[in-house]
Asker: 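Okay, handing you the structure first.
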Amino acid sequence: MNEFSITKTGLLAFLDQLNQDFEVLAPVMEKGLLSFQQIHNSEAVTLNFSNTVKPPKEFFFPQAECLFCASCEDQKNGVIEHPTESSSPRVLFGVRPCDARSFCLLDQVFLGDTTPDPYYAEHRARTVVVAIGCDQPSQTCFCSSVGGNPFDETGSDLMLIEADDGYLVKSTSLRGEELLARYGAFFEEPSESVKASVQKTIRETQDSMPAIVDVSMVTSQLGQAIAPDFWDRVYEKCVGCSICAFLCPTCHCFDITDEVIASDTVRLRTWDACACSYFTLEASGFNPRPTQKERVRNRFMHKFAYFPENFAQIGCVGCGRCVRDCPVNLDIRQVLSDIAALEKSELR
Amino acid sequence: MQPETENIRKIARRLLENQEVELVIGYEKGSLPLRSTPCFARTPADVDRLIWDGTCENNLTRFLRHRKGRTAVVAKGCDVGSLVSLIKENQLGRDQIYIIGVPCSGVIDRKKISSILGGREIQTVEELEDSLILAGHWYEVKIPKEEILYSACKTCRSKNPVIFDALAAEPIGVDEASSEYERVAAFESQTPEERWSFFMEEVSRCIRCYACRDVCPVCYCSDCFVDCSKPRWIGKSTNLSDTAIYHIIRTLHTAGRCTDCGACVKACPMDLDLRLLTKKMEMDIQDMFDYRAGENLESASPLTTYSLDDPQDFIW
Amino acid sequence: MGNEGMVQENVIKDVIPNELETAPSWEPKIVAFLCNWCSYAGADLAGVSRFQYPPNVRVIRVPCSGRISPYLILRCLQNGADGVIVSGCHPGDCHYLSGNYIARRKFALLNNLLEYLGIEKGRVQFAWVSASEGNRFAELITQVTKTVKELGPAQQLVRMRK
């Protein structure tokens, strides 16, 4: 593991150089909304930010992905084609540790087992992840409650931590090491002052973010079949939109539909959300999750019971986007606390 | 404690004790500074959590669907307007709901505050009559409420509920209207190219979460056109054309029924200016058909009726 | 709903094959929703009377102009139509008594909203054409075709891959 330091101006110069060799995606503030966008100039990058509104999963698992298409134009003859999207190397810069960790979770879903998803794999393979540690977590952040921390290195190739007037830069993977070697000219040996400053930052930030719930207790309680009327107290205000699922870095449910667009027929994979009424609607008309109660319950079961059972990991990275943007303030953290606090009498 | 809070709790307690209603839907303190959240009160302990303040932004009439028995709902002037639309459309019986009306001078726009604070987080809030004192790490600011009201609240014409069973406070004085169509007029003064370009930019941010639809009290169709797959009216992706159609059609579906409660804009995570469209419809319906949604239970909904003199110079 | 929706979808797709061309020989594709009792009969009369009008129009017969939802008009523009006409009975003459009156209100709102958003004026045209107005029907098609031809291929709401 290599450690270097870089000044703020040095970082911008580094990004401009990267832009020559990679497609660079970075946080950009536009019309009051922060999002990852392709930049052509490091001036466009916002470095002082909390987190983007949308999670970066869209770069590996796009909201709408064409799986294949066929055209009825004469020359094309209805032959099935695979879309040729860009396959140039990319740098995803400015990812928070929670989001970087989410990539590893999504890897389990899309790359695990014997049949990796080729679309996801291709996006993943060509992307270097440069994370920036959180020295100012939001009120809505709770990564430390779900097995993460503000400087978690899981899922990143490089980690930047703000120090003095620049950043400490750590390689957190082989790919990160190679990148640092390739662009070594931009980096310097970190001074003792920088290293000490970073240690202090890490310690203080972690101290400021104790876990707010014992999530293993949550998993254990959920595994014991909570009496249904617990959920009566939770679900009623949920309006069944898709904000929590779409803004969640780890949510990965999708729908596959065939659409006709111009003269093409396209098989599309699109994001879907278990909060939606038709999510489990079957062709017969039967819906095993007929009311919002079952659907809200499912969200918690999936993230904190089923996912841990399947992948030995909590299906949530504590980024807090659902807390921030839920239109009715249905706070996942409160529900988790309530679940953990359930008495034996409320379990079955 | 605000007087409204005390009154709401008193009314709720009485209604539940006398079994006049099975449920009181109101607001309780949210989990974040400057947020409240819907509260479904059925017991005395629940009632003690009910509050009223400038953060009570949700339109609670959205939660009255498919309920048996009688329900009480805390409703601001705009929310009561939604109730008028819902009763008119036979979605609710008047006697099924007990309206706890709250005269409201406006609700706080949390995103506007966030933008004023430059993203700095709020630790403490002190609500004064006309302003808020917000404090956090290394700062304290006093912001006049009128600067941070939701845009719909700034030009509100329905501050006092038009129908109610009890009022939680004295009616508020209403200023003569207002510049409520200023934004529409400003938009209309632009060229068609500028308008289309703006609309496309707004629509390009939409993530099709349908929160706008799901929080809207008058979007109650059991099979919404966007969810229908046979036939597939619009595609499921964020294709710009489909997204534009979604917003245009939803605007037309709610035209004459929308009372500008603003629930849609409050819910939108991508800050789409949805009221730009809905206010245009509201203005046209007033001009062309002399109708204003949410004002009274008697007038017929504009698209369920007609006049022999309806405008038709656009028809060849 | 049954099958009627499916048939409708197919009709719109079949009637509008999709090509966007800007060659000088480009001809606009115009979809006309005609109410069965007046406008469609008027179109028929134009035919038997040999009134000439441009061949750019594809007709979709509907029971009443009141049946036309704004969605149908917009979908035409999404799928390759350069112009859309909706024509019904004159007010007072609706076969179903008030269908066209209700439609008139809907169309007024749609028309205003589309213009407000910057959709090119003239792409969507509403008309009242009676069963006896064969020459008027021909006139309507001629005018709209001319207007749309000048506007060029419709691009604003066209559904594309990206």
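Chain identifiers are assigned alphabetically (A, B, ...) following the order of the sequence lines, protein sequences preceding nucleic acid strands; residue numbering begins at 1 within each chain.
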Asker: Give the interface residues of residues 273-284 of chain A toward chain B, defined by a heavy-atom separation under 4.5 Å.
Answerer: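 Near chain B, by residue number: A:Y278.
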Asker: Consider only side-chain N and O atoms of A:S138 and B:E121, and report whether a donor and an acceptor are under 3.5 Å apart.
Answerer: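 Yes, side-chain donor-acceptor contact under 3.5 Å.
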Asker: With a 4.5 angstrom heavy-atom cut-off, is it the side chain or the backbone of B:E201 that approaches chain A, or both, or neither?
Answerer: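 B:E201 touches chain A through side-chain heavy atoms alone.
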Asker: Mind checking which of residues 39-56 of chain B sit less than 4.5 Å from chain A, heavy atom to heavy atom?
Answerer: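 The residues closer than 4.5 Å to chain A, in numerical order, are B:F40, B:R42.
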Asker: Begin from the C-alpha positions of B:N58 and A:V328 and carry the test side-chain contact (heavy atoms from CB on, under 4.5 Å) through to its verdict.
Answerer: CA-CA 7 Å; B:N58 296 109; A:V328 293; 3.9 Å; yes
Asker: Could you tell me which of A:V53, A:L330, A:L34, A:D255 has the largest number of non-hydrogen atom pairs under 4.5 Å with chain B?
Answerer: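 Ranked by heavy-atom pairs under 4.5 Å with chain B, first place is A:D255.
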Asker: So for A:N48, is it side chain, backbone, both, or neither that comes closer than 4.5 Å to the heavy atoms of chain B?
Answerer: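 Neither part.
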Asker: Given that the side chain runs from C-beta out, which part of B:Y210 has a heavy atom under 4.5 Å from chain A: side chain, backbone, both or neither?
Answerer: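 Backbone of B:Y210 only, per the 4.5 Å heavy-atom cut-off to chain A.
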Asker: As an exercise, state the distance from SG of A:C326 to CZ of B:R35, rounded to the nearest 0.5 Å.
Answerer: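 If we round to the nearest 0.5 Å, A:C326:SG and B:R35:CZ are 6.5 Å apart.
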Asker: Measure distances from B:I122 to the heavy atoms of chain A and classify the residue's part below 4.5 Å as side chain, backbone, both or neither.
Answerer: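 Backbone of B:I122 only, per the 4.5 Å heavy-atom cut-off to chain A.
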Asker: Could you give all pairs that pass the salt bridge (Lys or Arg N to Asp or Glu O under 4.0 Å) test and reach residues 316-334 of chain A, with sequence neighbours left out?
Answerer: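 Sorted pair list: A:D99-A:R321, A:D331-A:R333.
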Asker: What distance do A:I261 atom CD1 and B:D242 atom CG have between them, rounded to the nearest 0.5 Å?
Answerer: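 Going from CD1 on A:I261 over to CG on B:D242, the span is 7.0 Å.
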Asker: To the nearest 0.5 Å, how far apart are NE2 in B:H137 and CD in A:Q136?
Answerer: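 Between atom NE2 of B:H137 and atom CD of A:Q136 there are 8.5 Å.
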Asker: Output yes when a side-chain donor or acceptor of A:E259 lies under 3.5 Å from a complementary backbone atom of B:K236, and no otherwise.
Answerer: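 Between the backbone of B:K236 and the side chain of A:E259 there is a qualifying donor-acceptor contact (under 3.5 Å).
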Asker: Between B:S229 and chain A, which part of the residue has a heavy atom less than 4.5 Å away: side chain, backbone, both or neither?
Answerer: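 The answer is neither part of B:S229.
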Asker: When you check the gap from the basic side-chain N to the acidic O, do B:D271 and A:K31 get nearer than 4.0 Å?
Answerer: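 Judged by the 4.0 Å cut-off on N to carboxylate O distance, B:D271 and A:K31 do not form a salt bridge.
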Asker: At a 4.5 Å cut-off on heavy atoms, which part of B:L23 comes close to chain A: side chain, backbone, both, or neither?
Answerer: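 The side chain, not the backbone.
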Asker: I'd like to know which of B:D223, B:T238, B:L32, B:L60 tops the heavy-atom pair count under 4.5 Å against chain A.
Answerer: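 Winner by heavy-atom pair count: B:L32.
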Asker: Give the member of A:R269, A:E65, A:K54, A:R233 that has the highest number of heavy-atom pairs under 4.5 Å with chain B.
Answerer: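 The residue among A:R269, A:E65, A:K54, A:R233 with the greatest pair count is A:K54.
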Asker: Can you tell me which of B:C268, B:A211, B:S114 forms the most heavy-atom pairs within a distance under 4.5 Å of chain A?
Answerer: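 When all of B:C268, B:A211, B:S114 are compared, B:A211 has the most.
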Asker: Identify which part of B:E202 has an atom lying under 4.5 Å from any heavy atom of chain A, answering side chain, backbone, both or neither.
Answerer: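 When you check distances to chain A, only side chain atoms of B:E202 fall under 4.5 Å.
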Asker: Measure distances from B:R213 to the heavy atoms of chain A and classify the residue's part below 4.5 Å as side chain, backbone, both or neither.
Answerer: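 No part of B:R213 comes within 4.5 Å of chain A.
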Asker: Within the 3.5 Å criterion, strictly below it, is a donor on B:S31 or A:N329 matched to an acceptor on the partner's side chain?
Answerer: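 B:S31 vs A:N329: donor-acceptor pair found between side chains.
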Asker: Using side-chain heavy atoms (C-beta onward) and a distance below 4.5 Å, is B:P33 in contact with A:Q139?
Answerer: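 A side-chain contact exists here, since the closest heavy-atom pair is under 4.5 Å.
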Asker: Under 4.5 Å, counting heavy-atom pairs only, tell me which of B:S36, B:S237, B:A263 racks up the most with chain A.
Answerer: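 Top option by heavy-atom pairs under 4.5 Å: B:S237.
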Asker: Go through the atoms of A:T257 and report whether side chain, backbone, both or neither lie under 4.5 Å from a heavy atom of chain B.
Answerer: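 Side chain of A:T257 only, per the 4.5 Å heavy-atom cut-off to chain B.
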Asker: Any idea which of A:E236, A:K237, A:Q334 has the most non-hydrogen atom pairs under 4.5 angstrom with chain B?
Answerer: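 The option with the most such pairs is A:E236.
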Asker: Residue by residue, which of residues 238-249 of chain A have a heavy atom closer than 4.5 Å to a heavy atom belonging to chain B?
Answerer: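 A:V239, A:G240, A:C241, A:S242, A:I243, A:F246, A:L247 fall under the 4.5 Å cut-off.
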